[in-house]
Number of protein chains: 2
Amino acid sequence: MNSTATSQGVKDAMLRISEYVHRTPVLSSESINHLTGCNLVFKCENFQKVGAFKYRGATNAVLTLSANELQLGVITHSSGNHAAALALAAKKAGTKAYIVMPNNAPEIKKLAVEGYGGIITFCEPNQAAREKTANEIIDKTGATFVHPYNNKFVIEGQGTAAFEMLETLGYLPDFILAPTGGGGLTSGTILAALNFGTSIKIIGTEPSLAGDAKISMNTGIIQPAFPQQSIADGLLTSLGSMTFEIMQNHISEVLNCSEESIIAAMRMVWERMKIIIEPSSAVPLACVLENRSKFENKTVAIIISGGNVALNKLPF
Amino acid sequence: MNSTATSQGVKDAMLRISEYVHRTPVLSSESINHLTGCNLVFKCENFQKVGAFKYRGATNAVLTLSANELQLGVITHSSGNHAAALALAAKKAGTKAYIVMPNNAPEIKKLAVEGYGGIITFCEPNQAAREKTANEIIDKTGATFVHPYNNKFVIEGQGTAAFEMLETLGYLPDFILAPTGGGGLTSGTILAALNFGTSIKIIGTEPSLAGDAKISMNTGIIQPAFPQQSIADGLLTSLGSMTFEIMQNHISEVLNCSEESIIAAMRMVWERMKIIIEPSSAVPLACVLENRSKFENKTVAIIISGGNVALNKLPF
């Protein structure tokens, strides 16, 4: 599972998972184009199963298991969309997903994982406890660990979102912007785009309050995650070794943006496009809003990563 | 403009307006099907221009004007989606829209109409003042009055939503449910469906707190609007003579539902489908939730009428 993710691997993933995932629509908005001065298209993974692109990578990873591995189940530690995605992917494949979750995870996340049939084990909310708990379960069950992003098949699966988008568009945009947390979506998008040539500029995007990827790229050293302060709760992790290497080799830029811009961008999409996106998904548009001249009159494709929001805790 | 709306008129409207309106998607949700026990599809007019099906009827009405009429402009009294729709339809046709609006209309509605280039005249918030003000403008400008629903071309234009939906589906659903306010969408849907035979049962739906259409159908006499208490603010008007006649001739049923069910249905669509719908659009699903056995295992098509919601005043 630790071999390198490749652009051919994204094509393989397309064949492997297409009948299991939604081919989500690519939408645009005249009024947002007018407001931003560029031609934007949005690949809507908020409409994906479990409400996030994470279902692509989880499904691809599960489908590459041998019959014996599959029978023993899969395991991850996550409290976010990857946990829900792995739980559903395992359920659809007829096996078990063990999810290690910090005991302070929000109730709504627990319910989502349970709703998809995941078997939750709670642990203390720190990295050492997570790993210890996961290893104990692996020792006992033989389950295969599926990392949220530092995994060849996960990265290649996430890349299918951009691959589908480029197929649907029928032209090559000037830019693709993806939200960058652990880098699974960003590196998968890079590999996907390489199948269509090298003219598209891929840009990673993250909140300034979680700006570790930008510094990692600038310094050449993976930075630890920032304190958990951004509203974009899907982007608070640091890069992985595999995702960082792909980003270093193929892209030159990560943009940051303010919390105010994230909220403004999220509201713009809700109001103008009538679709529900989570704060992390608003980060690429927030970066467009903060870098108007860079994108003016360009074609800019954005991956909307997900739509899982607590409706009783909206920022507006 | 006062001749009768017909099913042929809906087909004519399809040809007339199709290049000016969005062909909106028909979406479905596995999890909502699971929760309701029936097979639901949703025609998503929340993705229509101005965020509502009203753009269809307004566009159809504007496009049927003579060159001379067009030059003199159009006028309506409305503070809702029809006002915004007529303003944009007029702008796209290169003419003026005069909008008579009560002086207590919410700021957000004024801004929407102004944003689409409508010329607003405020009046006292009562029917007599609205009509007097409109008539004064008509005397002065020669503008053509476009009623929000009691107008042949408006009704036929609204019918194109259901016509497109039935084309897209490729099969005939057991039921089509539409939200019923003035009855423009409901009567247009009836006429649209007649082009596909008589097997589909069309049902009007409204909040119990705005239950005038149900009583109108039961008594054979158009009832005045109820006091304005329902959250479904698009459905507070009484039926018009033209819409009532079509409903009387072709459907047997209007269902009512509680405010609690409307909010639950709205939340269900937001959370499960990741799309933004206004309270009025949640009324058909609310009626499905309250009449589970009636719709069990049936194919049920719902027209989502719009997605214009004040995000700072959500009911959850």
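Sequence lines set the chain letters: A, B, ... in the order given, protein chains first and strands last, and positions in each chain run from 1. It should be emphasised that the depicted structure is a prediction, and the values quoted were computed from it without experimental measurement.
- Taken to the nearest 0.5 Å, the CD1 atom of B:Ile263 stands 4.5 Å off from the CD1 atom of B:Ile231.
- Counting only heavy atoms from C-beta outward, the side chains of A:Cys38 and A:Val288 approach each other to under 4.5 Å.
- In this view, A:Phe42 satisfies the ring-ring contact (aromatic ring centres under 6.0 Å, His included) rule with no residue, not counting sequence neighbours.
- With values rounded to the nearest 0.5 angstrom, A:Ile32 atom CD1 is found 10.0 Å from A:Leu27 atom CG.
- In this view, A:Ala264 satisfies the side chain to side chain contact (heavy atoms under 4.5 Å, CB included) rule with no residue, not counting sequence neighbours.
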Compile a table of inter-chain donor-acceptor pairs under 3.5 Å between chain B and chain A, counting both main-chain and side-chain atoms.
residue, atom, partner, partner atom, Å
B:Lys274, O, A:Ile276, N, 2.9
B:Lys274, NZ, A:Gly307, O, 3.0
B:Lys274, NZ, A:Asn308, OD1, 2.8
B:Ile276, N, A:Lys274, O, 2.9
B:Gly307, O, A:Lys274, NZ, 3.0
B:Asn308, OD1, A:Lys274, NZ, 2.8

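- By the side chain to side chain contact (heavy atoms under 4.5 Å, CB included) test, A:Ala282 pairs with A:Ile262, A:Ala265, A:Met266, A:Ile277, sequence neighbours left out.
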